[in-house]
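Quick note on labels: first sequence line is chain A, next is B, and so on, each numbered from 1.
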There are 2 protein chains.
Amino acid sequence: MCVSRAVLPLILRAMRYLDYAATTPVLPEVTDAMVAVLTGDFGNPSSVHAYGRAAREIVEDARDRVASAVGASPAEIVFTAGGTEADNLAIKGATRKLRGNGNHVITTAFEHHAVLDTVEWLGHDEFETTVLPVGPDGLVDPAAVAAAVRPSTILVSIMAVNNEIGTAQPLAEIARAVKGANPSTLVHTDAVQMLGNLPVNVHELGLDFAAFSAHKFGGPKGVGFLFARSHAPVEALLHGGGHEGGLRSGTLNVPGLAGLGVAAEIAAKEVDHKIERVGGLRTRLWQGIEDSIERVRLNGHPTERVPGTLNVSFEGADGETLLLLFDAAGIACSAGSACQSGAIDPSHVLLAIGVPREIAKGSVRFSLGRESTDEDVDAVLEVLPGIVESARRVG
Amino acid sequence: MCVSRAVLPLILRAMRYLDYAATTPVLPEVTDAMVAVLTGDFGNPSSVHAYGRAAREIVEDARDRVASAVGASPAEIVFTAGGTEADNLAIKGATRKLRGNGNHVITTAFEHHAVLDTVEWLGHDEFETTVLPVGPDGLVDPAAVAAAVRPSTILVSIMAVNNEIGTAQPLAEIARAVKGANPSTLVHTDAVQMLGNLPVNVHELGLDFAAFSAHKFGGPKGVGFLFARSHAPVEALLHGGGHEGGLRSGTLNVPGLAGLGVAAEIAAKEVDHKIERVGGLRTRLWQGIEDSIERVRLNGHPTERVPGTLNVSFEGADGETLLLLFDAAGIACSAGSACQSGAIDPSHVLLAIGVPREIAKGSVRFSLGRESTDEDVDAVLEVLPGIVESARRVG
């Protein structure tokens, strides 16, 4: 084990974490539930003996909790390895199942790559795709969606909450508009940033599919789920033992699902309190930024948003420089989404809502969450003027 | 929490576990590694800040350990949610990439469903498939594989170790025979039952792809990996953030991968000892069965097999009845593979090696592993005559 490995935990404890939209700390209750499974209930839920029965019971208990957290019935929950797989399953699975009915798919320009890249992939495969623009406030217009729906439109995929700017879409209105234009068009949403940040009831929202990921609401990485409305047409992506009603083969991640179930239940239970408390912290952070820094802009609608996420452009500064300076100052935040390559291109989300390229490049996402404190906000506001000044100086 | 949930742990501790081929207990070292990540290193490995760097370091440390355990280089490891996803990725990903070069795929009749169902799925999608027969000893004949290879054969998928009967294939000879017949044909193996049971060196074996699953060798459920030889042609199944070199998008399962790395390292290190010790237990179990019960047969080759797995047919008995009686007697074993539906059809593996349908239905798989003891073997041998007699009486 190298030195940095031993030192990093110390660094980590000394830092301020403002990147909850990238991932969240695992709740102690979640770790406890997982450890109980890892140490005690190691059975394969597909086995018929007592070990298998115990594992199966844990899985079904998790399914009940998850279903209840999003207003679904347990049979409508398909467990996956995370939000990306759930998005892929809905989009590829539904279009494959319905390819005889039409060849048109609609999405928006500011989706997460799990949706955008998947829809683009469909485009190589005989599907026509419409990528709708997004308004400057980061909202999708239900009427514009309805106008894009054709008789051949088999699926519309529009994210519930944008991961970079935090705007919450009028999802129920969008779903209603789609069904009004074509009752047989299916509606999917990437709801990865929704659970724990907003109340969720998939049936009241009128959705056919919705993707969720445990690690965005206090659960472990590597596990998520797709809500697939009863009888919603969809084909499996992974073939094998026929698990999850034939929709997702592969031995179930029993410890991860135990953690997911606990996390989903807590997320749903605490959401009102979180909206109030974390929303208050975010408001204070934005007011502090606006009061102390010139030439800043808040990206996305001022109120139609989740409590914790704040995306700010600092004109004349470079986002990568800002991030490095924040990191050095002990503050973890991000430039848009967690970026695989480390290279920071201007965010496709900010470009989609009309932020000029140069300003988009100088943007930072601060995202607060369940464990965030007033001191976290104070810490950012304290170092912010110096960091922005330095970043603007180097250009 | 219902009563059975509280009682089951007690039942479990009182039972004898002889179903290691279905899944294995999680090693304490694995749980420790996972708990360290769950409680300390919650960062998203795609983030650029210190939390992200710490998570990335854990992931790459796991990749090094896994690569070393199977004789690959770290860049040849693609992390997945398990063996089924790894099989699907290799088979669908390689055939999609190479569909311009040919349309023929070869597999065998006794593969795991993760391979068999996936190849069958290809068959609906313009591919021609050849399903080779298997010898009565449970071995695949390299010459027969070579004879089936055509100029249009783009992939051969043959499992390393059969999950139900435990026979180990002459994998290096098979790969050599395939490449001799058509150098551009790719060779994939479902190696899920191999790591920890036999020494593994993917390059010495001459493989292009090999699928592995952590929970088969003391790691957690929900995580596995595909070995994909450098430059082996393959396309992603899951699209999104472009993780894993673009081959498998989705936030990495950091705690699971930490556990996988530790488990793979231990599995590789202990394999020689395990072959000797667990192989000895299996031999004693078979001898005990043969000495005490009439009309039994060992399924699969007597010596070309992994140490722990023993598949026995009890003529005149019903497998489901046997399993229920073993379960009631506190012994967990299985009828072939872990069966999703709970319904027990005659095993496709046993039928493939020529076991008559009626005899196949009376078969039980006992699989021993790292924690198995002489007492486990004694416990089975003690109750076996009574159980077989009862099962034969009810027919």
So which of Arg56(A), Glu120(A), Lys92(A) has the largest heavy-atom pair count under 4.5 angstrom toward chain B? Lys92(A)

Side chain to side chain, Asp327(A) and Val48(B), heavy atoms closer than 4.5 Å: no

If we define contacts as heavy-atom pairs under 4.5 Å, which of Thr39(A), Thr118(A), Thr23(A) has the most with chain B? Thr23(A)

Could you tell me which of Ile331(B), Asp117(B), Val254(B) has the largest number of non-hydrogen atom pairs under 4.5 Å with chain A? Asp117(B)

Relative to chain B, which segment of Ser213(A) carries a heavy atom at a distance below 4.5 Å: side chain, backbone, both, or neither? neither

Looking at every heavy atom in both Lys221(A) and Pro255(B), which two are closest together, and how far apart are they? CB-CD, 4.4 Å

With chain A as the partner, which of Ala81(B), Gly250(B), Ala332(B), Cys333(B) has the greatest number of non-hydrogen pairs under 4.5 Å? Ala332(B)

Heavy-atom pairs under 4.5 Å with chain A - which of Gly256(B), Gly43(B), Gly83(B) has more of them than the others? Gly43(B)

Looking at Leu238(B), Val26(B), Thr84(B), which has the largest count of heavy-atom pairs under 4.5 Å with chain A? Leu238(B)

Heavy-atom distance under 4.5 Å to chain B: side chain of Phe326(A), backbone, both or neither? neither

Could you give the distance from CG (Leu122(A)) to NE2 (His239(B)), rounded to the nearest 0.5 Å? 9.5 Å

Taking every non-hydrogen pair under 4.5 Å, which of Leu237(A), Val35(A), Val115(A) racks up the most with chain B? Leu237(A)

Spacing of NE2 belonging to His49(A) relative to CG belonging to Leu18(B), to within rounding of 0.5 Å: 9.5 Å

Met15(A) to Ala50(B) - nearest heavy-atom pair and separation: SD-CB, 3.5 Å

So do His215(B) and Asn44(A) actually touch side chain to side chain, heavy atoms under 4.5 Å? yes

Is it the side chain or the backbone of Thr24(B) that comes within 4.5 Å of chain A heavy atoms, both, or neither? backbone

Given that the side chain runs from C-beta out, which part of Asn88(A) has a heavy atom under 4.5 Å from chain B: side chain, backbone, both or neither? side chain

